[in-house]
*Asks:* 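Dropping a structure here in structure tokens format, bear with me for questions.
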Amino acid sequence: MDNRANYVPATGVAAFSAGLELTGSLLQDVGTFFKLHGDLETWDHTLKVTSQAVRIARLYGADAQKAEQAALLHDISNIIPVSLMPQVSEQCGIEVLEEEQRYPRILHQKLSRAMAETIFGIRDTDILQAIECHTTLKPRASLFDKVVFIADKVAWDLPGEQTYLHEIRRLVDDMQLNAAVLTYLNQVWERREQMKLVHSWLIRAREELMEEERAGLEEGSPVKQHLLRMFEHMAWANREIAHALVLQEAKLPERALQLFAHILAAEASWLARLQLQEATAIPLWSDGKGKVEHYIELAEDNIQGFRRFLAAVHDEKLKERIQYHNSQGKSFDRSIGDILTHVALHGSYHRGQIASSLRMAEIAPPVTDYIYYARGE
């Protein structure tokens, strides 16, 4: 049964919450909401976007939990009939642009923000702003805005050969988020004569990204791309080692865990130096008697930190030198690019030692060579 017919115009978006009892689980509540309104098609799309948003957020060091919430709610207003969207927007105090009056369907992104806040109690500004521009993007968009925006696009399952979508997915996976976003915006712009509306937010967002690209400030430079790939290999190799250690924890040689702990402690130490923070309290060498789960958490914290650092750095910054002290207190200064290269390579030597230690205990080690990562094996 479609409950949209029960809408009472005077009550705004709250009218659409009739029959919904919140459980505290946003996933469950959003699913229930769409089922109450008979909109299983949007619910199916929402689940696909949510999966992509969480994956892409982790890839770029954004908040995956927030990305999940934003994605679950990004199309929540699809249950409102398009003919009522201007009226409901007015009742909610939403500014309706002249172009939105002409094509009211685009108001769903603003209405979804209102429903996320009013019905589902979302107060986080990052989440609300990302929902509000998930279709068009907007000027001065944040990394989080772009993550939610592009997740909505890569989740599409359109008929026919959609070459631009394949390109967008490739760019996202190659750590070129701005290029992926701009590819979509250019696709819209090139088809503007056939489009019902090219929103002014989209036009200005595209102009900003093009200007950044011309200035060479986008994240897709060859040097930075290479570093990003090295760090994603590092994260993958650490996960492969961690998985093997978990499976064999009962008979794990202490030396293997000691080496893995050292890899991660060194990563954390270098990250603190790059961020100009105090040295971490994590010892560079431990006794190898800790829990594997603890080191899995540290590995995730490390890669998230490096992703955030790399997202903010540009080629000129990589040439800057920073001073640091080693574990013996001796002072050095090296370029940021050299330090990042060292961190990405450092673990490979010790992962080889871990493999030898596991073989001596008659445990088959995982293969963590870069070429296996590059081949997706």
Side-chain angles (χ1 to χ4, degrees), residues 1-39 41-43 45-46 49-50 53 66-142 144-145 148-149 151-152 196-205:
M1 177 180 174
D2 189 341
N3 288 344
R4 289 181 294 186
N6 296 330
Y7 173 64
V8 180
T11 56
V13 295
F16 297 94
S17 64
L20 177 67
E21 294 184 9
L22 299 180
T23 66
S25 167
L26 187 61
L27 176 66
Q28 182 176 334
D29 292 342
V30 172
T32 299
F33 184 83
F34 279 122
K35 290 168 188 174
L36 280 171
H37 289 274
D39 192 354
E41 183 178 354
T42 301
W43 176 228
H45 167 71
T46 295
V49 173
T50 301
K66 285 186 180 182
E68 179 183 33
Q69 294 177 61
L72 283 170
L73 292 165
H74 80 286
D75 270 349
I76 200 70
S77 68
N78 272 10
I79 58 93
I80 301 176
V82 173
S83 61
L84 291 178
M85 285 186 175
Q87 182 182 357
V88 178
S89 296
E90 183 180 347
Q91 292 166 358
C92 294
I94 294 172
E95 180 186 9
V96 179
L97 303 178
E98 182 180 344
E99 61 199 296
E100 294 168 338
Q101 288 281 6
R102 296 195 303 271
Y103 182 63
R105 175 73 182 86
I106 199 65
L107 285 168
H108 83 280
Q109 59 180 2
K110 293 181 177 180
L111 285 166
S112 286
R113 171 182 176 149
M115 296 179 82
E117 189 169 8
T118 301
I119 298 176
F120 294 91
I122 300 298
R123 297 291 180 265
D124 188 284
T125 304
D126 291 339
I127 296 173
L128 294 173
Q129 288 181 347
I131 293 172
E132 186 179 46
C133 68
H134 77 266
T135 301
T136 61
L137 205 59
K138 63 182 177 183
R140 296 177 297 281
S142 68
F144 188 75
D145 293 335
V148 176
F149 173 83
D152 182 43
K196 293 182 179 179
L197 170 68
V198 179
H199 199 281
S200 56
W201 286 4
L202 184 149
I203 294 171
R204 288 156 57 199

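Basis for what follows: all heavy atoms, side chains included, without hydrogens, waters or symmetry-related copies. We count residues from 1, following the sequence as given.
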*Asks:* Taking all non-hydrogen atoms of both residues, which atom of Pro104 and which atom of Pro86 are closest, and how far apart?
*Replies:* CB-CG, 3.6 Å
*Asks:* What do the steps show when you test His199 against Glu100 for side chain to side chain contact (heavy atoms under 4.5 Å, CB included), and what is the final call?
*Replies:* CA-CA 8 Å; His199 199 281; Glu100 294 168 338; 2.8 Å; yes
*Asks:* Let me check something: any side-chain donor-acceptor pairs from residues 122-131 under 3.5 Å, sequence neighbours excluded? List them with distances.
*Replies:*
residue: Arg123; atom: NH1; partner: Glu117; partner atom: O; Å: 2.9
residue: Asp124; atom: OD1; partner: Asp126; partner atom: N; Å: 2.9
residue: Asp124; atom: OD1; partner: Ile127; partner atom: N; Å: 3.1
residue: Asp124; atom: OD2; partner: Lys66; partner atom: NZ; Å: 3.1
residue: Asp126; atom: OD2; partner: Lys66; partner atom: NZ; Å: 3.1

*Asks:* Does Ala151 have any side-chain contact (heavy atoms from CB on, under 4.5 Å) partners at least two apart in sequence or in another chain, and if so, which?
*Replies:*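 side-chain contact (heavy atoms from CB on, under 4.5 Å) check on Ala151 returns Val49, Gln52, Ala53, Ile56.
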*Asks:* Mind checking what makes side-chain hydrogen bond (donor to acceptor under 3.5 Å, both in side chains) contact with Arg105, not counting sequence neighbours?
*Replies:*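 side-chain hydrogen bond (donor to acceptor under 3.5 Å, both in side chains) check on Arg105 returns Asn78, His108.
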*Asks:* side-chain contact (heavy atoms from CB on, under 4.5 Å) with Ser17: which residues, sequence neighbours excluded?
*Replies:* Ile119
*Asks:* What residue pairs, at least two apart or across chains, pass ring-ring contact (aromatic ring centres under 6.0 Å, His included) with a residue in residues 72-96?
*Replies:* His45-His74, His74-His134
*Asks:* What pair of heavy atoms forms the shortest contact from Val13 to Cys92, and how long is it?
*Replies:* CG1-SG, 3.5 Å
*Asks:* So, using side-chain hydrogen bond (donor to acceptor under 3.5 Å, both in side chains) as the criterion, who are the partners of Ser83 when residues are at least two apart?
*Replies:* none
*Asks:* Excluding sequence neighbours, so at least two apart, what forms side-chain hydrogen bond (donor to acceptor under 3.5 Å, both in side chains) with Ser89?
*Replies:* none
*Asks:* For residues Val88 and Gly12, report the shortest heavy-atom separation together with the two atoms involved.
*Replies:*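 Minimum heavy-atom separation between Val88 and Gly12: CG1-C, 4.2 Å.
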*Asks:* With sequence neighbours left out, what residues match Phe120 under ring-ring contact (aromatic ring centres under 6.0 Å, His included)?
*Replies:* Phe33
*Asks:* For the residue pair Ile79 and Thr42, establish whether any side-chain heavy-atom pair is separated by less than 4.5 Å.
*Replies:* no
*Asks:* Short question: side chain of Asp29, backbone of Thr23 - any donor-acceptor pair under 3.5 Å?
*Replies:*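 Yes, the answer is positive, given that a donor and an acceptor are paired below the 3.5 Å cut-off.
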*Asks:* If you measure from CD on Glu95 to CG on Leu97, what distance do you get to the nearest 0.5 Å?
*Replies:* 5.0 Å
*Asks:* Under the salt bridge (charged side-chain N to carboxylate O under 4.0 Å, His left out) test, which residues partner Glu132, sequence neighbours left out?
*Replies:* Arg113
*Asks:* Is there a side-chain contact between Met85 and Leu111 in this structure, where contact means two heavy atoms from C-beta onward sitting under 4.5 Å apart?
*Replies:*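 Side chain of Met85 against side chain of Leu111, heavy atoms only: contact under 4.5 Å found.
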*Asks:* Between Leu137 and Trp201, which heavy-atom pair has the shortest distance, and what is it?
*Replies:* O-CB, 3.4 Å
*Asks:* Partners of Thr50 by side-chain hydrogen bond (donor to acceptor under 3.5 Å, both in side chains), sequence neighbours excluded?
*Replies:* none
*Asks:* Just verifying a value: how many Å separate Leu26 CG and Gln28 CD, rounded to the nearest 0.5 Å?
*Replies:* 10.5 Å
*Asks:* For Arg102, what residues pass the side-chain contact (heavy atoms from CB on, under 4.5 Å) criterion, not counting sequence neighbours?
*Replies:*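 Glu98, Glu99.
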*Asks:* Can you tell if the side chain of Ser112 reaches within under 4.5 Å of the side chain of Leu73, non-hydrogen atoms only?
*Replies:* no
*Asks:* Does the side chain to side chain contact (heavy atoms under 4.5 Å, CB included) test come out yes or no for Ile76 and Phe34, once each step is laid out?
*Replies:* CA-CA 8 Å; Ile76 200 70; Phe34 279 122; 3.8 Å; yes
*Asks:* Roughly how far, to the nearest 0.5 Å, is CD of Gln91 from CG of Leu84?
*Replies:* 8.5 Å
*Asks:* What's the shortest heavy-atom distance between Cys133 and Phe149, and which atoms?
*Replies:*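 Minimum heavy-atom separation between Cys133 and Phe149: O-CD1, 3.9 Å.
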*Asks:* Suppose we screen for side-chain contact (heavy atoms from CB on, under 4.5 Å). Which residues come up paired with Leu27, at least two apart in sequence or across chains?
*Replies:*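 Only Ser25, Trp43, Leu47, Leu72 meet the side-chain contact (heavy atoms from CB on, under 4.5 Å) criterion with Leu27.
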